[in-house]
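Chain naming here is simple, since letters A, B, ... match the order of the sequence lines and numbering starts at 1 in each. These values consider heavy atoms only, across backbone and side chains, with no hydrogens, waters or symmetry-generated copies.
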Amino acid sequence: MPELPEVENTVKKLKALNGCLVKGVFLFDPLVLKSGKSYLLKIKGSKIKGFFRQGKYIFCNLSKERCNFYLVIHLGMSGFLAIKEKDDVSDVAEYLRFLLVFNKGFFLAFCDIRKFGKVFITKKPLLTSLGEDPLSPNLTPAKIAYLFKEKKQKIKSLLLRQDLLSGIGNIYADEALWLAGIKPTRLGTNIKEDEWTKLYKAIKKVLQTAIKAGGTDLGDEVVPSGRYTPLVYGREGFPCSRCRAKIVREKIASRSSYFCSRCQK
DNA sequence: GTCTTAACCTGTGGGC
DNA sequence: TGCCCACAGGTTAAGA
Ligand SMILES: [Zn+2]
């Protein structure tokens, strides 16, 4: 469940764990922990101070003996976090990679079928490799133009780059471009001045709408999903809901891109 | 430097 | 039924 809206909703749910004390840590898949292994021992006995998000990364602020650190989780393609009560983790046991045990009988399970997800522990509450968060008030149409307009890459590829804007993935990139009426194959250098504003508005709108809907409906029985139904993503061969032309699929940056070749200019 | 592609991993569904 | 290919919400190293 892993683009910005899904991660944002995960973080909202995780906040129910604020104040919990960590009683135990189980690393079922040692390869999931990429760095900060020396902090692993510190987790036990630490207290949860809060959760926040940067791009698609989830930060869990932990504190122990006045030492502040962060358990950072990236869900990859198929990862999700589930809060469990009692010892009822049987339904997710098959893909369980990491488990935190709290007081009051709560558990936090990190499950991930495809193992693209990762966890690391750090003292820094910020990843400098990531670009601006699309929901940040600092983002403006001029900022997007500044980031993208010199780039000779397809606009879809630019939206997927986390070092420029962090949090947009394959679904919401297509959704935003459809809303903005921009073909995903256009180069950054070929986007017109007024289109940056359209793209800005489309990004904000689709992300906010999807967050309210609890994320995208993936129709997956294992991975939890929300009620946002994509307007163009995954709709190859179906009529465009704006102009009725057939939605086409094309590979861009080795990923499927869905768009309307009639009303996306 | 910039930009593109393929690999990482597991599972599912379609065609033959 | 089995086999092979394409595909899936992401990131990143390697190649051009
Ligand atoms: Zn259309």
Side-chain angles (χ1 to χ4, degrees), chain A residues 1-11 28-35 53-58 72-81 92-98 110-120 127-131 134 147-178 184-190 203 206-207 209-211 213-237 248-258:
Chain A
M1 41 185 292
E3 290 184 49
L4 188 151
E6 292 75 28
V7 174
E8 179 71 18
N9 278 295
T10 297
V11 166
F28 295 103
D29 177 7
L31 295 177
V32 81
L33 184 65
K34 302 299 177 187
S35 65
R53 173 187 67 73
Q54 188 192 359
K56 298 170 191 169
Y57 290 81
I58 297 163
V72 186
I73 299 156
H74 191 291
L75 299 172
M77 197 86 111
S78 56
F80 62 94
L81 290 165
V92 292
E94 194 173 354
Y95 306 113
L96 194 54
R97 310 288 174 209
F98 191 88
F110 174 46
C111 307
D112 185 14
I113 295 174
R114 294 176 66 187
K115 301 183 181 175
F116 289 158
K118 60 184 175 183
V119 173
F120 54 92
L127 295 171
T128 54
S129 58
L130 294 181
L147 290 169
F148 288 7
K149 70 180 181 187
E150 309 280 307
K151 303 283 192 292
K152 281 177 80 174
Q153 277 175 73
K154 290 173 182 149
I155 189 73
K156 167 72 183 279
S157 300
L158 292 171
L159 286 172
L160 293 175
R161 277 182 56 174
Q162 305 298 298
D163 60 329
L164 300 175
L165 293 179
S166 60
I168 298 170
N170 205 34
I171 292 180
Y172 299 108
D174 280 5
E175 296 292 281
L177 289 168
W178 184 86
T185 48
R186 303 255 309 275
L187 301 184
T189 48
N190 292 338
I203 290 169
V206 72
L207 294 179
T209 304
I211 287 171
T216 290
D217 176 10
L218 297 166
D220 191 310
E221 288 178 21
V222 178
V223 183
S225 68
R227 300 170 310 281
Y228 177 82
T229 306
L231 301 160
V232 66
Y233 180 86
R235 290 181 41 78
E236 181 183 19
V248 296
R249 180 165 65 95
E250 187 175 319
K251 287 267 184 192
I252 298 172
S254 307
R255 317 286 302 277
S256 284
S257 289
Y258 301 85

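The phosphate of B:dT2 has neither OP1 nor OP2 within less than 4.0 Å of any side-chain N or O from A:Gln153. Within the structure, every side-chain polar atom (N or O) of A:Ser78 is placed at least 4.0 Å from both OP1 and OP2 of B:dT10. Distances shorter than 4.0 Å separate some side-chain N or O of A:Lys115 from OP1 or OP2 on B:dT10. Contact between the side-chain N/O atoms of A:Tyr258 and the OP1/OP2 oxygens of C:dA8 is found at a separation under 4.0 Å. Within the structure, a side-chain polar atom (N or O) of A:Tyr95 is placed less than 4.0 Å from OP1 or OP2 of B:dG11. In this model, the phosphate group of C:dT11 is approached by a side-chain N or O of A:His74 to a distance below 4.0 Å at OP1 or OP2. A:Lys56 has a side-chain polar atom (N or O) that falls below the 4.0 Å cut-off from OP1 or OP2 of C:dG10.
Looking at heavy atoms from C-beta onward, A:Ile73 lies out of side-chain contact with A:Phe98 at the 4.5 angstrom threshold.
What separates CD of A:Glu150 from C1' of B:dT2 is a distance of 13 Å, to the nearest Å. One interatomic measurement links the two molecules: CE of A:Met77 to P of C:dA6, which rounds to 17 Å at whole-angstrom precision. Distance A:Glu94 CD to B:dT10 P: 12 Å, rounded to the nearest Å. For the pair A:Leu165 CG and C:dT11 P, the interatomic distance rounds to 13 Å; values are reported in whole Å. Following rounding to the nearest Å, A:Lys151 (NZ) and B:dG1 (C1') show an atom-to-atom distance of 12 Å. If you measure from atom NZ of A:Lys152 to atom C1' of C:dA16, you get 14 Å, rounded to the nearest angstrom. The CG-P distance, from A:Asp163 to B:dC3, rounds to 11 Å in whole Å. Between the CG atom of A:Leu160 and the C1' atom of C:dG10 there is a distance of 9 Å, given to the nearest Å.
Distance NZ/A:Lys34 to NZ/A:Lys118: 7.5 Å, rounded to 0.5 Å. Rounding to the nearest 0.5 angstrom, the gap separating the OG1 atom in A:Thr216 from the CD1 atom in A:Ile171 is 4.0 Å. The distance from the NZ atom of A:Lys151 to the CG atom of A:Leu187 is 13.0 Å, given to the nearest 0.5 Å.
Applying the side chain to side chain donor-acceptor pair (under 3.5 Å) criterion to A:Tyr95, with sequence neighbours excluded, gives no partner residue.
Looking only at distances, a side-chain donor or acceptor of A:Asn9 sits under 3.5 Å from a matching main-chain atom of A:Ile211. Within the 3.5 Å criterion, the main-chain N or O of A:Ala213 finds a donor-acceptor partner in the side chain of A:Arg227.
A donor-acceptor pair shorter than 3.5 Å can be found between the side chains of A:Tyr172 and A:Glu6.
Closest to the A:Arg249 side chain, of the nucleotides B:dC3, C:dC7, C:dG10, is C:dC7. Minimum atom distance to the side chain of A:Pro2 is reached by C:dG10, of the listed B:dT10, C:dG10, C:dC7. Nearest to the side-chain atoms of A:Lys251 among the listed nucleotides C:dC7, B:dA6, B:dT10 stands C:dC7. Residue A:Phe116 places its side chain closer to B:dC8 than to any other of C:dT11, B:dC8, B:dG11.
Looking at DNA chain B, the stems built from 3 or more consecutive Watson-Crick or G-U wobble pairs, each pair with its key distances under 3.5 Å, are B:2-8 with C:10-16, B:10-16 with C:2-8.
For the P atoms, the distance linking C:dC5 with B:dA7 amounts to 14 Å, nearest Å. Here, B:dA6 and C:dA6 have their C1' atoms 15 Å apart, quoted to the whole Å.
In terms of polar N and O atoms assigned as donor or acceptor, the side chain of A:Arg114 comes within less than 3.5 Å of the base of C:dA8 in a complementary pairing.
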